[in-house]
Trainee: 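Quick one: the structure is below, questions incoming.
Along the sequence shown, the residues carry numbers beginning at 1. Counting starts at 1 for both ligands and their atoms, in listed order. Keep in mind that what you see is a predicted model, and the values were worked out from it rather than measured.
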Amino acid sequence: MKHIPRRRFGQNFLVSPGVVRNIVDAIAPRRSDTVVEIGPGLGALTEPLLAGVDRLHVVEIDRDLIARLRESFPPERLVIHEGDALEFDFGSLGGGLRIVGNLPYNISTPLLFHLAGFAGQVRDMHFMLQKEVVDRMVAAPGGGDYGRLSVMLQYRFDMERLFVVPPGAFNPAPKVDSAIVRLLPRPAAALTLRDEARFARIVMAAFSQRRKMLRNTLRDWFAEADLAALGIAPTARAEELAVADYVALANSP
Ligand code: SAM
């Protein structure tokens, strides 16, 4: 029976063999890798990934799709984790994880934040996302794309936009361009934050009113002299600060 794509699960299925090939080539799986696919759907990526690894983990929320996957692949090769990726404990699968997926766009930001919490167990991640989201993830300071998502993810990951994918590569076709992004966890020595929750709150406050000067948005944390002592102009705006500046702010008493 034909599966009718469910909008509430962000179902836009890949139908371009060329794009599928490019994604799998970018991932370059090895047989013993622990690969985890989020949202296998109808298996566009699942099948070629399985050709390259001994065993593949998938996390899928749609029960109809899970039933199809069970019919198509033997359980010793495809390990199906039924449920919401937003609540899935990726750490339970061990370390060195290679997480991949053509992600449901409606939950992409919370999912990225959830995944960031497992960075210590991750070797790399490759995701298809809305191009606009990828551009925000990889943005450098100074432009309109640079925001909370950029700072929070760039602290944990080195990220690269690999290629853009047009709407015609999917069924149904989304309204926007998509892109593939690669995330590589930064080495532990580069993670110098003393209090990640404080960092998150400061970044959130700074970008909550991004047109305002930091001396106003960060008033509850820092006096103008505190900012100046860290080499940060009190008149600067959130988008002008590098990730290292936010780390310095969070680490200062
Ligand atoms: N990988 C397939 C492909 O490329 O054709 C499907 C991609 S589709 C954009 C997103 C997939 O994620 C769907 O299979 C959908 O059911 C699944 N999904 C949506 N929300 C999810 C969630 N919260 N947890 C796990 N899977 C989810």
Side-chain angles (χ1 to χ4, degrees), residues 1-27 29 35-53 55-73 77-93 97-118 122 124-134 137 162-183:
M1 222 172 59
K2 200 171 151 6
H3 177 80
I4 298 172
R6 296 196 161 100
R7 194 197 287 260
R8 75 174 186 282
F9 290 148
Q11 290 176 355
N12 298 92
F13 298 106
L14 264 171
V15 292
S16 161
V19 170
V20 168
R21 196 168 47 245
N22 289 342
I23 296 171
V24 176
D25 285 351
I27 299 166
V35 180
V36 190
E37 186 189 3
I38 300 174
L42 293 167
L45 291 168
T46 317
E47 207 168 333
L49 284 171
L50 256 181
V53 295
R55 212 152 65 120
L56 177 69
H57 292 267
V58 295
V59 184
E60 174 61 64
I61 201 168
D62 185 323
R63 289 194 185 151
D64 294 343
L65 293 177
I66 290 167
R68 283 169 185 261
L69 291 165
R70 288 218 168 96
E71 278 169 22
S72 311
F73 304 100
R77 303 246 13 248
L78 188 74
V79 184
I80 301 176
H81 304 273
E82 182 172 346
D84 188 344
L86 284 172
E87 286 168 14
F88 185 70
D89 177 10
F90 288 88
S92 68
L93 302 180
L97 302 179
R98 309 196 68 196
I99 307 181
V100 307
N102 169 15
L103 297 185
Y105 294 170
N106 49 345
I107 57 162
S108 52
T109 305
L111 192 51
L112 289 166
F113 280 112
H114 179 61
L115 289 162
F118 300 99
V122 165
D124 58 23
M125 306 201 274
H126 292 82
F127 295 130
M128 174 97 75
L129 289 160
Q130 271 177 258
K131 175 178 167 294
E132 176 247 318
V133 173
V134 173
M137 291 164 71
L162 297 184
F163 51 90
V164 174
V165 179
F170 303 87
N171 177 39
K175 292 197 175 68
V176 292
D177 275 337
S178 302
I180 297 290
V181 63
R182 173 182 287 149
L183 299 89

Trainee: Is there side-chain contact between P29 and V24, with at least one heavy-atom pair below 4.5 Å?
Mentor: yes

Trainee: Using the test side chain to side chain contact (heavy atoms under 4.5 Å, CB included), find all partners of S72 that sit at least two apart in sequence or belong to another chain.
Mentor: none

Trainee: Could you work out, with ring-ring contact (aromatic ring centres under 6.0 Å, His included) as the rule, every residue matching H57, not counting sequence neighbours?
Mentor: H81

Trainee: Return yes if some donor-acceptor pair links the side-chain N/O of R55 with the main-chain N/O of V79 below 3.5 Å, else return no.
Mentor: no

Trainee: Within the structure provided, determine whether L65 and R68 are in side-chain contact (heavy-atom separation under 4.5 Å).
Mentor: yes

Trainee: With sequence neighbours left out, write down each residue that passes ring-ring contact (aromatic ring centres under 6.0 Å, His included) with F13, or none if nothing qualifies.
Mentor: H3

Trainee: At a heavy-atom distance under 4.0 Å, which protein residues reach ligand 1? Sort them by chain and number, would you?
Mentor: F9, G10, Q11, N12, F13, L14, E37, G39, P40, G41, A44, V59, E60, I61, D62, L65, G83, D84, A85, N102, L103, P104, I107

